[in-house]
Enquirer: 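Supplied in structure tokens, the structure appears directly below.
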Amino acid sequence: MKAAAGKVAQLLVVMFLVSLGTFSLTSLMPGDPAVAILGDNQSPEAYAELREKLGLNEPLVERYFTWLGHVFQGDLGTSMVPPNEDVTSLIRSAFAVSIELAVLALVVALVVSIPLAMISARRPDGLLDRAASATTFGIMSVPSFVSGLVLIALLVNQLHLFPRVGWVGVTDGLGQNLYHAALPVITIALLEIPTFTRVLRGDLVRTLQEDFVLSARAKGMPAWRIMIFDAFRPSSYSLITVLGLSLAQLIGSTVIVETLFSLPGMGRLVVSSASQGNITVVQGAVLVIAACYVLINAGVDLMYSVIDPRIRRVGA
Amino acid sequence: MSAPEAAALAPTARPARRRRRIDLLLWFCGAWLAVLILAAITAPMLGLQEAQDAAKTLLEPVYQPPSLGSTHPLGTNALGLDMLSRIIYGARVSLTVSISAVLIGTFVGGTLGVIAGYLRGKVDRVIGTLTNTLLAVPALILLVALATVLRPSALNMALALSLVAIPGLIRVTRANTLAFAQREFVTVARALGAGRARVVFRELMPNVLLSVVPMCLVYVSALIVAEASLSFLGIGLRPPQPTWGNMIGEGLNGKMEDYPHLVYVPAAVLFLTVFSFNLLGERMRKRWDKREVSL
């Protein structure tokens, strides 16, 4: 119980620091934010008015708490660039796209890497293992914008299998939605497959040396049964950690893929707002992404006690 | 989870291979990096074609495909600028920025990690919270947010990128310090009357830092990718300054279909370099770390 309270306290401190950091972005901005937003050829009154509107005349601490108060009410302010949309609703629609991409990509990555890890772990250092290990090592060194461009060149320009750019929401038909999501999802999945495969393979190899596997083998269980029903669960803890962290990271870090395929996700929102100096949107988006990361991490910690009975007893 | 951390985490168990063969791949990667670094250092003396100033290339052919042996072995871009020369000047930027970012990160992260691991208690908790805060924002988003407010110069770039490497390095050096602090030489130093500062900086730091060298190499490759990603997005170092990322970015908007070399040349160089750093880090880890035999 005490440990749980400590965890929650640490989460709150981390979130506080993140919010402070994102908020102080405005004061790090070189020059006058009002000039940055309006351009240089406006009347002094216009600047003064905007500064007043942004609350720039109040001290930093006071502004921070005003902002935080609004954040707690779900109000992240309005965009600084016309048409001055509501930041919260901008983020909501971008978030839906990002979470769909991230979840689909993780599913694809798992579908590829679990069998791959099992095949590799079956005969460590065998031909298949070495081939898989070399391939994943190679893939690990390909940045996503390179693999994305290669996929575009092959699957779009040569084979015309997928659309080049664009996004269709789930509400406009699941088929179309998946058709447009396929290529970006594959590109993101390629980033995750090497890590997943390597982590799971390592744990499987270790589990397969344990006594209970030996006894299962002695009873005459076929190798595939042992792999799937006996070895997989106790080997999946590291994979679940990595999976949680990946989900949390992916919500923001699919920027490149979103840019490449012109998808309206969180990353794209941050980058396009950043290039316009639209600081309120950047602030809001970074805060939401960080909150997700912290919450998902806490969720992963909880998950351990569900899948690993040993931790449950110690933690209770 | 970032690649370097995953690489450091990945557990393994496998007997070492019986005979050590000559590792051709390792030699190839080492040679590539050596050539690249040498070319980057001596770039102004190599008599390369124009890389930056489009005013000087008005008479040069544009979009010339690569042909070794000609005056433009790797071709030219939309402004007639020489691709080989841009690659080499791009290497200067990529390598200086990412290597100095890792050095800054190792110094700051290493110091904090060793202090946290040796002093424990309150200091450890404060540094731990700081690490978690930095980790809570995905690397690329952190960089984009910083790019909104910082001027895109090489120094700012290195500082921003070092923030990405710091949390991971704090965690690993802290864990290593916890192990080293139990060793005899630390006990002996303390018994001989060494103060905290001496134990931290003279006894622990050298040992711990040496053990994170393989991880640093992997970070160099991760940061090369991060730098390239930023310039690819158009928020890192800007043209006319050539970087591998903005060179690849140039090939977008339909130009890749007609002039594939605009993308493939820098992409191949980027891949080879990242791969080489990764491989070097991986092999070094295998060689030095006796607990984790191999992957």
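Numbered from 1 within each chain, the chains take letters A, B, ... in sequence-line order.
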Enquirer: Tell me, for Val18(A) versus chain B, whether the close heavy atoms (under 4.5 Å) come from the side chain, the backbone, both or neither.
Expert: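 Looking at Val18(A), backbone and side chain both touch chain B.
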Enquirer: Answer with side chain, backbone, both or neither: which region of Val294(A) has an atom nearer than 4.5 Å to a non-hydrogen atom of chain B?
Expert: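 Just its side chain gets close to chain B.
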Enquirer: Sort Val144(B) into side chain, backbone, both or neither according to what part of it lies under 4.5 angstrom from a heavy atom of chain A.
Expert: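 For Val144(B), the contact with chain A is made by backbone and side chain together.
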Enquirer: Between Tyr264(B) and chain A, which part of the residue has a heavy atom less than 4.5 Å away: side chain, backbone, both or neither?
Expert: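 Just its side chain gets close to chain A.
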Enquirer: With chain A, which of Gly128(B), Ala145(B), Ser229(B) has the greatest number of heavy-atom pairs at distances under 4.5 Å?
Expert: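 Looking at each of Gly128(B), Ala145(B), Ser229(B) in turn, Ser229(B) comes out on top.
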Enquirer: Determine which pairs satisfy ring pair (Phe, Tyr, Trp, His ring centres under 6.0 Å) with at least one residue from residues 137-159 of chain B, sequence neighbours left out, and list them in order.
Expert: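 Ring pair (Phe, Tyr, Trp, His ring centres under 6.0 Å) check on residues 137-159 of chain B returns no pairs.
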Enquirer: Using side-chain heavy atoms (C-beta onward) and a distance below 4.5 Å, is Leu200(A) in contact with Ser113(A)?
Expert: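 Side-chain contact under 4.5 Å: no.
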Enquirer: For chain B, which candidate among Val146(A), Leu149(A), Ile152(A) shows the most heavy-atom pairs at distances under 4.5 Å?
Expert: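 Among Val146(A), Leu149(A), Ile152(A), the one with the most close pairs to chain B is Leu149(A).
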Enquirer: Checking heavy atoms, do the side chain of Ile224(B), its backbone, both or neither come under 4.5 Å from chain A?
Expert: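 The answer is neither part of Ile224(B).
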Enquirer: Identify the two heavy atoms, one from Ala136(B) and one from Val14(A), that lie closest to each other, and give their separation to 0.1 Å.
Expert: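 Closest heavy-atom pair between Ala136(B) and Val14(A): CB-CG1, 4.2 Å.
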Enquirer: Parallel, tilted or perpendicular: which describes the rings of Phe137(A) and Phe275(B), with under 30° parallel and over 60° perpendicular?
Expert: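 Plane angle over 60°, so perpendicular.
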Enquirer: Please determine whether a side-chain nitrogen of the Lys or Arg among Arg201(A) and Asp129(A) lies less than 4.0 Å from a carboxylate oxygen of the Asp or Glu.
Expert: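 Salt bridge flag = yes for Asp129(A) with Arg201(A).
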Enquirer: Quick one: are Leu101(A) and Glu258(A) in side-chain contact, heavy atoms under 4.5 Å?
Expert: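 A side-chain contact under 4.5 Å exists here.
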Enquirer: Measure Ala228(B) against the heavy atoms of chain A and call it side chain, backbone, both or neither at under 4.5 Å.
Expert: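 It is both, since atoms from each part get that close.
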Enquirer: Looking at chain A, which one of Leu270(B), Leu134(B), Leu272(B) has the largest number of heavy-atom pairs inside 4.5 Å, strictly under?
Expert: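 Maximum pair count with chain A is reached by Leu270(B).
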Enquirer: Write out all pairs satisfying side chain to side chain donor-acceptor pair (under 3.5 Å) with one or both partners inside residues 266-281 of chain B, taking only residues at least two apart or from two chains.
Expert: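 As it turns out, the side chain to side chain donor-acceptor pair (under 3.5 Å) pairs with a partner in residues 266-281 of chain B, which skip direct neighbours, are Ser141(A)-Asn278(B), Trp32(B)-Thr273(B), Ser221(B)-Asn278(B).
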